2 protein chains.
Amino acid sequence: MSSTKIRNMEEFAAVSGISRPTVSKYFNDPDSVRPSTRNRIEEALERYDYRPNIFAMNQNRKLTKNVGIVVPYLTDPFFAEIARKLEERCTLAGFRPTLYSPYGQREMEVEILDSIRSLKPAGVLLAPLGRASDHKAVESFCADVPTVLFDSDIEGVGEAFVGSDNFSFVSQTVEYLTRTGSPPCFFEMRTPANPNANKRRLAYIELMERHGHEPRVIKVEGEGWAFEQIGRDGALRLLESGGFPSDTVLCSNDRLAIGLLAACYEKGMRVGRGEGCALRVASHDGHPFSQFTCPSLTTASHDYDSVSDRAIATLRDLIEAGGRFDARTEMLYPANLILRASA
Amino acid sequence: MSSTKIRNMEEFAAVSGISRPTVSKYFNDPDSVRPSTRNRIEEALERYDYRPNIFAMNQNRKLTKNVGIVVPYLTDPFFAEIARKLEERCTLAGFRPTLYSPYGQREMEVEILDSIRSLKPAGVLLAPLGRASDHKAVESFCADVPTVLFDSDIEGVGEAFVGSDNFSFVSQTVEYLTRTGSPPCFFEMRTPANPNANKRRLAYIELMERHGHEPRVIKVEGEGWAFEQIGRDGALRLLESGGFPSDTVLCSNDRLAIGLLAACYEKGMRVGRGEGCALRVASHDGHPFSQFTCPSLTTASHDYDSVSDRAIATLRDLIEAGGRFDARTEMLYPANLILRASA
DNA sequence: TCAGAATCTTTGCGCGCGAAAAATTTTAAT
DNA sequence: ATTAAAATTTTTCGCGCGCAAAGATTCTGA
């Protein structure tokens with residue numbers, strides 16, 4: 001390794017005795033140059049370790065390898081997990097992912113989208129904030145940049161949507177709970193940020209009616225993304241004033257359930273399906289921590305792998321199709337019901 | 001809003017009737033141009049919404065506003081939380097943060113550092129992997145790029161370190177547990193990835209000896225970053241073969257404690273300090289979920305705000321000092337002991 | 001009114017690289 | 001060996017913007 005620092009491709013081309021554009025070709029595809037010149041470049045590479053500047057690379061490229069990934073709230077382990085999987089698969093597919101999160105803030109989502117435009121991305125994977133999104137901004141972004149939505153859908157926006165089939169989630173939990181005990185009440189936030197929550201409530205109501213049971217929806221107060229806190233506070237208030245209308249509670253999502261379990265524990269209310277248990281609790285999402293709650297949480301889990309695989313595959317197809325599909329596609333994956341101790 | 005799309009600063013300068021360099025000045029500091037021209041630019045801005053390409057901006061800048069933030073494992077809510085705070089403060093300080101995580105992988109950390117070089121960052125906030133890091137790569141990176149290490153220190157590397165005082169963490173928990181009950185045993189992974197774990201064990205041993213108690217360190221098997229799983233499996237094995245050597249357990253970190261609490265719950269072992277409780281459990285970190293465990297977890301919490309404030313302030317000083325300090329500085333913040341139900 | 005200061009425009013270059021066109025080398029077929 | 005075609009390399013230009021110097025314009029205050 002020589003001590004002289006190589007500052008750019010020009011300098012590296014000089015020391016390797018090849019013209020810069022040929023070196024450029026090599027870095028974009030080592031097989032695109034003659035074996036003899038490839039050897040010369042790689043020999044120089046060993047002596048001088050140089051790496052092209054990725055941002056300059058993408059400056060004047062027709063099609064970059066950049067992919068933006070946006071999740072609404074990265075400190076939510078659910079989104080962190082799906083982001084990790086997407087990043088991993090994205091890299092394997094030969095793209096260069098960059099991760100963003102607006103942390104629930106409307107203006108920040110808009111800024112991120114603007115920032116992503118500068119990236120000149122080949123494509124974007126976007127899980128929008130939902131209710132808090134600036135819909136016009138998102139729409140105009142998707143009109144300019146090839147985008148696949150995931151997790152939370154905005155009708156007609158983006159070239160495709162890949163997500164989970166909320167009806168399947170609720171159908172499996174309601175069916176299981178009803179079959180093995182009593183029909184559940186539904187525990188949720190009053191004004192959920194995410195459209196999936198609404199779909200789940202509607203599915204719950206429809207399924208309960210279909211089975212001939214009266215749906216009971218419990219809406220707890222609270223805004224924002226501190227779901228566990230909201231779930232616990234709501235459950236505490238409920239337990240102190242009469243309790244739940246059923247011995248079986250189905251939570252809209254696992255984070256609310258985590259809060260609810262904490263409230264039950266505080267109140268000495270045993271949760272589970274064995275004897276001595278006063279309440280059964282199930283939920284939706286397959287949150288990474290759902291297996292470590294007390295008791296461990298029965299949940300209808302996202303098919304993380306399928307969703308992320310499909311999202312990346314769809315994005316790749318979209319990019320290869322030149323950024324536009326003939327028709328907007330929607331891929332919904334059913335849940336995997338994970339039976340644990342809580343129900 | 002006119003329909004003609006502005007593609008670059010040249011075009012925008014044309015429609016606003018101002019020269020491009022002046023427009024450039026405006027975007028770098030709106031106050032650096034005369035109010036009248038500022039108005040003209042901002043009027044044009046309303047009609048044509050144009051935004052400079054951030055990557056082109058930073059291409060030929062003396063000092064960019066880019067800041068790289070690297071955390072070892074972003075799906076760990078602790079790191080997600082600290083990353084969020086850093087991002088937020090970074091933006092407030094006028095920088096443009098970009099977040100990266102190697103997810104525990106050595107090669108990925110190296111790749112990220114290379115990628116950050118391309119960013120031409122004004123500075124970098126780096127929480128290295130620790131044991132898994134390619135120390136030479138990290139060192140040579142820090143030699144080239146102004147870097148402040150945080151969370152986990154590598155001696156002599158980087159211009160400064162901002163983190164938590166592990167001794168203070170353990171000192172507070174050991175003191176509290178001993179004062180209000182019996183001296184704790186110490187629960188940890190056999191080969192922790194993070195150097196803080198080692199410092200905590202050493203602090204525990206020293207403190208126990210100082211108080212005249214025999215230190216008892218329990219090392220559970222397991223590699224990687226699935227701490228909850230490792231903690232639960234280890235605790236289950238322990239509980240099935242004689243149990244803990246003390247009725248008080250101090251966990252090296254909250255994620256292990258979460259696993260331990262799950263194991264105790266499974267085994268019907270009541271945790272807490274009231275009557276009927278067989279075990280007291282405390283821990284370190286102030287993990288975002290520690291307040292929702294069952295029981296809620298007594299923990300010595302990082303001073304998240306101070307650490308992130310200080311990290312950003314140090315980085316800003318470093319940048320203003322031209323990228324180098326005369327001497328490497330180390331800032332260690334004491335823990336905040338949070339008393340909850342588990343101990 | 002006018003000098004001096006402040007600001008703006010013009011011009012030209014540089015960042016680090018990709019893309020298309022032009023020139024060269026290599027290959028294959030006669 | 002000759003030559004056209006194919007493969008490869010080099011030349012030239014462009015991406016979108018920052019930076020700097022020199023000249024032109026506008027603003028300030030006595």
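Numbers restart at 1 for each chain; the letters A, B, ... are given by sequence-line order, proteins then strands. Everything numeric here is computed off the predicted structure, so don't read it as measured data.
- Counting non-hydrogen atoms under 4.0 angstrom, B:Asn28 reaches the backbone sugars and phosphates but no base.
- Taking the six-membered ring for Trp, A:Phe55 and B:Phe55 have ring centres closer than 6.0 Å.
- With a cutoff of under 4.0 Å to any heavy atom of chain A, the contacted region of DNA chain C is bounded 5' to 3' by C:dG16 to C:dT26.
- Ring pair A:Tyr304/A:Phe78: centre-to-centre distance below 6.0 Å.
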In 5'-to-3' order, the base (B), backbone-only (S) or no-contact (-) status of each nucleotide in nucleotides 10-16 of chain D, using a 4.0 angstrom heavy-atom cut-off, is BB--BBB

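- B:Ser16 OG to B:Met9 CE: the interatomic distance, rounded to the nearest 0.5 Å, is 10.0 Å.
- For the contact set between residues 61-69 of chain B and DNA chain C, defined by any heavy atom under 4.0 Å, there are no members.
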Could you please spell out the steps behind the salt bridge (charged side-chain N to carboxylate O under 4.0 Å, His left out) verdict for B:Arg38 and B:Glu42?
CA-CA 6 Å; B:Arg38 174 172 178 168; B:Glu42 285 173 351; 3.0 Å; yes

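- Using bins of under 30°, 30° to 60° and over 60° for the plane-to-plane angle, the ring pair B:Phe12/B:Tyr50 lands in the parallel bin.
- Using a distance-only test at 3.5 Å, with no hydrogens or angles considered, a donor-acceptor pair links the side chain of A:Asn66 to the main chain of A:Leu119.
- Between atom CG of residue A:Leu45 and atom CZ of residue A:Phe27 there is a gap of 5.0 Å, rounded to the nearest 0.5 Å.
- Toward the 5' end of DNA chain C, the nearer of the two residues B:Arg40 and A:Ile54, judged by each one's closest nucleotide, is B:Arg40.
- B:Arg38 has its CZ atom 22 Å from the P atom of D:dT26, to the nearest Å.
- Between B:Thr147 atom OG1 and B:Leu318 atom CG the span is 8.0 Å, to the nearest 0.5 Å.
- B:His135 contributes atom NE2, which lies 13.0 Å from atom OG of B:Ser140 (distance to the nearest 0.5 angstrom).
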Do A:Arg84 and B:Ser101 pass the side chain to side chain donor-acceptor pair (under 3.5 Å) test, and can you show the C-alpha distance, the side-chain angles, and the key distance before you say yes or no?
CA-CA 9 Å; A:Arg84 189 181 67 80; B:Ser101 169; over 6 Å; no

